[in-house]
Chemist: 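I am attaching a structure below and will ask some questions about it afterwards.
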Amino acid sequence: MQKTIITVVGKDTVGIIARVCTYLAKEQINILDISQTIVDGYFNMMMVTDTSACAKDMKKLSEEMKALGEEIGVVIRCQHEDIFQMMHRI
């Protein structure tokens, strides 16, 4: 299994989850865990995904997710689980 952490942050609008999940399904990326919240009109979502069945490499996946975020007005970041954990280690 190749775990990837995907974060989505921005002003809440209709369809954010639908657009992100549609992209993930199209790329054969399975959502293992998901958490989302809206605070004072701002949307925040974090997903742990399995990208092992995805044909794209991490660089291409990150670029496409970033472009999708720009299209729908949010910031989307993809990070391999190991990198995410190293960045958030205390």
Chemist: According to a hydrophobic-cluster definition based on side-chain heavy atoms being under 4.5 Å apart (Ile, Leu, Val, Met, Phe, Trp, Tyr only), do Ile34 and Leu61 belong together?
Modeler: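 Cluster IDs for Ile34 and Leu61 match.
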Chemist: Is the backbone N or O of Thr4 less than 3.5 Å from a side-chain atom of Thr49, with the two atoms forming a donor-acceptor pair by type?
Modeler: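 Yes, because the side chain of Thr49 sits within donor-acceptor range (under 3.5 Å) of the backbone of Thr4.
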Chemist: Please report the interatomic distance CG(Asp57) to CD(Glu63), rounded to the nearest 0.5 Å.
Modeler: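 Going from CG on Asp57 over to CD on Glu63, the span is 8.0 Å.
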Chemist: Cluster question for you: counting only ILVMFWY and a side-chain heavy-atom cut-off of under 4.5 Å, with indirect links fine, are Ile38 and Val8 together?
Modeler: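 Same hydrophobic cluster.
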Chemist: Are Leu24 and Leu68 connected in the hydrophobic side-chain network, where two residues link if heavy atoms are under 4.5 Å apart?
Modeler: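 Yes; tracing contacts between hydrophobic side chains, which count when under 4.5 Å, links both residues.
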Chemist: Just how far is it from atom CZ of Phe43 to atom CD1 of Ile72, taken to the nearest 0.5 Å?
Modeler: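 Taking CZ in Phe43 and CD1 in Ile72, the distance rounds to 8.5 Å.
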Chemist: Going from CE on Met47 to CD1 on Ile76, what distance comes out if it is rounded to the nearest 0.5 angstrom?
Modeler: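 Output value for this atom pair is 7.5 Å.
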Chemist: Among Ile17, Ile6, Thr7, find the one that has a side chain to side chain contact (heavy atoms under 4.5 Å, CB included) with Met45.
Modeler: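 That would be Ile17.
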Chemist: Flag the pair Tyr42 / Val9 as yes when at least one side-chain heavy-atom distance between them is below 4.5 Å, and no otherwise.
Modeler: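 Side-chain contact under 4.5 Å: no.
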Chemist: Return the NZ to CD distance between Lys60 and Glu64, rounded to the nearest 0.5 Å.
Modeler: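 Going from NZ on Lys60 over to CD on Glu64, the span is 4.5 Å.
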Chemist: If you look at every heavy atom in Gln28 and Ala53, which pair is closest and at what distance?
Modeler: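 Looking at all heavy atoms of both residues, the closest pair is O-CB, 3.6 Å.
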Chemist: Shortest non-hydrogen contact from Cys78 to Met65?
Modeler: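 Minimum heavy-atom separation between Cys78 and Met65: SG-CG, 3.4 Å.
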Chemist: Do Thr51 side-chain atoms and Gln2 backbone N/O form a donor-acceptor pair below 3.5 Å?
Modeler: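 Present.
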Chemist: Is it true that, when you exclude Lys56 itself, more than 12 heavy atoms of the residues, nucleotides or ligands shown sit nearer than 6.0 Å to its NZ?
Modeler: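 Yes - once you tally the heavy atoms of other residues, nucleotides and ligands closer than 6.0 Å, there are more than 12.
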Chemist: Does the side chain of Gln36 reach to within under 4.5 Å of the side chain of Ile16, using non-hydrogen atoms?
Modeler: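 With C-beta onward as the side chain, the pair stays apart.
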Chemist: Consider only side-chain heavy atoms of I, L, V, M, F, W and Y, link residues closer than 4.5 Å, and tell whether Leu32 and Met58 are in one cluster.
Modeler: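 No, Leu32 does not connect to Met58 through the hydrophobic network.
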Chemist: Would a hydrophobic clustering, with Ile, Leu, Val, Met, Phe, Trp and Tyr connected at side-chain separations under 4.5 Å, put Ile5 with Ile29?
Modeler: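 The answer is no; the residues belong to distinct hydrophobic clusters.
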Chemist: Can you name the closest pair of heavy atoms from Val74 and Lys11 and give their distance?
Modeler: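 Nearest pair, atom of Val74 first, then Lys11: CG1-O, 4.4 Å.
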